[in-house]
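Step one of this worksheet: look at the structure below.
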Protein chains: 2
Amino acid sequence: MSKTSGKSGSERRSGCPLNASVEMLGDRWSLLIIRDMMLRGFRSYKELMECYEGIATNILADRLRKLIEYGIIAAEPDPQDRRKVNYVLTRKGMDLAPVLTEMVLWAAAHEETGNQQLVELMRGDKAKFLADIRARWERTQAASGK
Amino acid sequence: MSKTSGKSGSERRSGCPLNASVEMLGDRWSLLIIRDMMLRGFRSYKELMECYEGIATNILADRLRKLIEYGIIAAEPDPQDRRKVNYVLTRKGMDLAPVLTEMVLWAAAHEETGNQQLVELMRGDKAKFLADIRARWERTQAASGK
DNA sequence: CAGGATCCGTTTCGATACTG
DNA sequence: CAGTATCGAAACGGATCCTG
């Protein structure tokens with residue numbers, strides 16, 4: 001569908017750093033989903049759904065699908081309950097941690113914001129903060145048998 | 001506009017860091033506009049327009065208006081040619097430099113990307129890179145009489 | 001000519017209802 | 001619980017027109 005003018009932007013704008021990534025991250029939900037998986041440890045559709053009550057079921061499903069397609073998250077069966085699906089960050093997704101951190105710090109500096117503890121944690125020792133969440137991620141990777 | 005259901009998300013999702021900011025940055029163009037103003041020194045409607053040939057005039061105008069409204073950029077008359085308008089980053093906008101930098105580095109690590117020189121510059125000494133672009137910005141501020 | 005505003009067809013989003 | 005189907009609303013993109 002949609003062959004009105006051939007290329008709808010993505011192809012035209014490639015070659016410059018960021019253009020392709022914005023294609024994925026440049027929407028209202030993706031960054032929030034990644035943030036909550038990274039910083040709050042969310043893993044299931046339900047957790048994400050309840051968090052932002054505003055999101056529609058189909059939108060959440062769609063964003064999760066696209067994030068998977070893009071290699072930022074992966075869906076894997078829950079080790080305890082094989083019927084359940086857990087969404088986990090891939091390494092590529094975890095590598096977004098510095099971006100998210102800088103964004104939270106920016107937001108904290110320029111907007112009213114909640115969760116000052118988290119902000120302080122980031123601001124105090126950014127490198128340590130990043131190392132810590134990465135280490136936690138490594139452990140979950142090991143736990144899930146990867 | 002858009003008063004279909006009273007509160008369209010922003011109010012419901014406040015309190016958590018990032019929610020409000022994503023409202024502004026979470027779209028396909030805003031981050032690219034900021035990047036080009038910050039990293040490539042773009043200042044005019046025309047420069048931006050020609051850069052991403054894909055963007056429609058009304059969309060660019062709309063994004064510029066919203067970025068101004070949000071305090072990320074400002075419009076001021078060109079000192080040489082009073083008919084022209086220059087768009088410049090505010091301090092709040094410049095403070096996005098670390099975010100942009102991390103994003104570019106992420107994109108460079110995980111996507112094919114152009115402009116490797118820029119990436120190398122960032123990766124080599126991130127702090128110096130950030131200090132440099134901020135210093136350049138300070139100079140333009142001084143030059144425009146602010 | 002730069003910097004938009006307006007109109008219009010197309011694409012995407014989002015709320016609700018519904019389903020395995 | 002974890003989504004899919006549907007359908008109206010909003011955003012987008014392109015072309016054109018307006019204004020200083």
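As the structure is a computational prediction, the values presented were derived from the model and not from experiment. All chains are named by letter (A, B, ...) in the order of the sequence lines, taking the proteins before the strands, and each is independently numbered beginning at 1. These numbers come from the heavy atoms of this one structure, side chains and all, not from hydrogens, waters or symmetry mates.
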Send over the distance from N58(A) CG to dC13(C) P, rounded to a whole Å.
10 Å
May I ask you to verify if any side-chain N or O of W29(B) is less than 4.0 angstrom from the OP1 or OP2 atom of dG13(D)?
yes
My understanding is that only residues two or more places apart in sequence, or in another chain, count here; which of them pass side-chain contact (heavy atoms from CB on, under 4.5 Å) with I68(A)?
I73(A), A75(A), Y87(A)
Donor-acceptor pairs under 3.5 angstrom involving side-chain atoms of residues 95-110 of chain B: please list them, not counting sequence neighbours.
| residue | atom | partner | partner atom | Å |
| --- | --- | --- | --- | --- |
| D95(B) | OD1 | R134(B) | NH2 | 2.5 |
| D95(B) | OD2 | H110(A) | NE2 | 2.7 |
| T101(B) | OG1 | A97(B) | O | 2.7 |
| E102(B) | OE2 | K126(B) | NZ | 2.8 |
| W106(B) | NE1 | K92(A) | O | 2.9 |
| H110(B) | NE2 | D95(A) | OD2 | 2.7 |

Could you state the atom-to-atom distance from CZ of R83(B) to C1' of dT19(D) in whole Å?
13 Å
Could you note down all residue pairs passing ring pair (Phe, Tyr, Trp, His ring centres under 6.0 Å) where residues 57-84 of chain B supplies at least one of them, sequence neighbours left out?
none
Looking at R28(A), does any N or O in its side chain come under 4.0 Å of the phosphate oxygens OP1/OP2 on dA10(D)?
no
Any residue meeting side-chain contact (heavy atoms from CB on, under 4.5 Å) with D132(B), in chain and number order, not counting sequence neighbours
K128(B)
Roughly how many Å is it from CG in D62(B) to P in dA11(D), rounded to a whole number?
8 Å
Taking side-chain hydrogen bond (donor to acceptor under 3.5 Å, both in side chains) as the definition, give me every residue that meets it alongside N58(B), ordered by chain and number, with sequence neighbours left out.
none
Spacing between I55(A) atom CD1 and dA15(C) atom P, to the nearest angstrom
9 Å
Could you report the tightest heavy-atom contact between G41(B) and E47(B), atom names first, then the distance?
O-OE1, 4.4 Å
Could you tell me how far apart L60(B) (CG) and dG3(C) (C1') are, to the nearest whole angstrom?
9 Å
Check the distance between dA10(D)'s P and K66(B)'s NZ and give it to me in whole angstrom.
13 Å
Each nucleotide N or O in nucleotides 1-3 of chain D that has a protein N or O under 3.5 Å away: list the pair and distance.
| residue | atom | partner | partner atom | Å |
| --- | --- | --- | --- | --- |
| dA2(D) | OP2 | K46(A) | N | 3.1 |
| dG3(D) | OP2 | Y87(A) | OH | 2.5 |
| dG3(D) | N7 | Y45(A) | OH | 3.4 |

Please state how far atom CD in E76(B) lies from atom C1' in dG3(C), giving the value in whole angstrom units.
16 Å
Please give, in whole Å, the distance from dT12(C) P to D27(B) CG?
15 Å
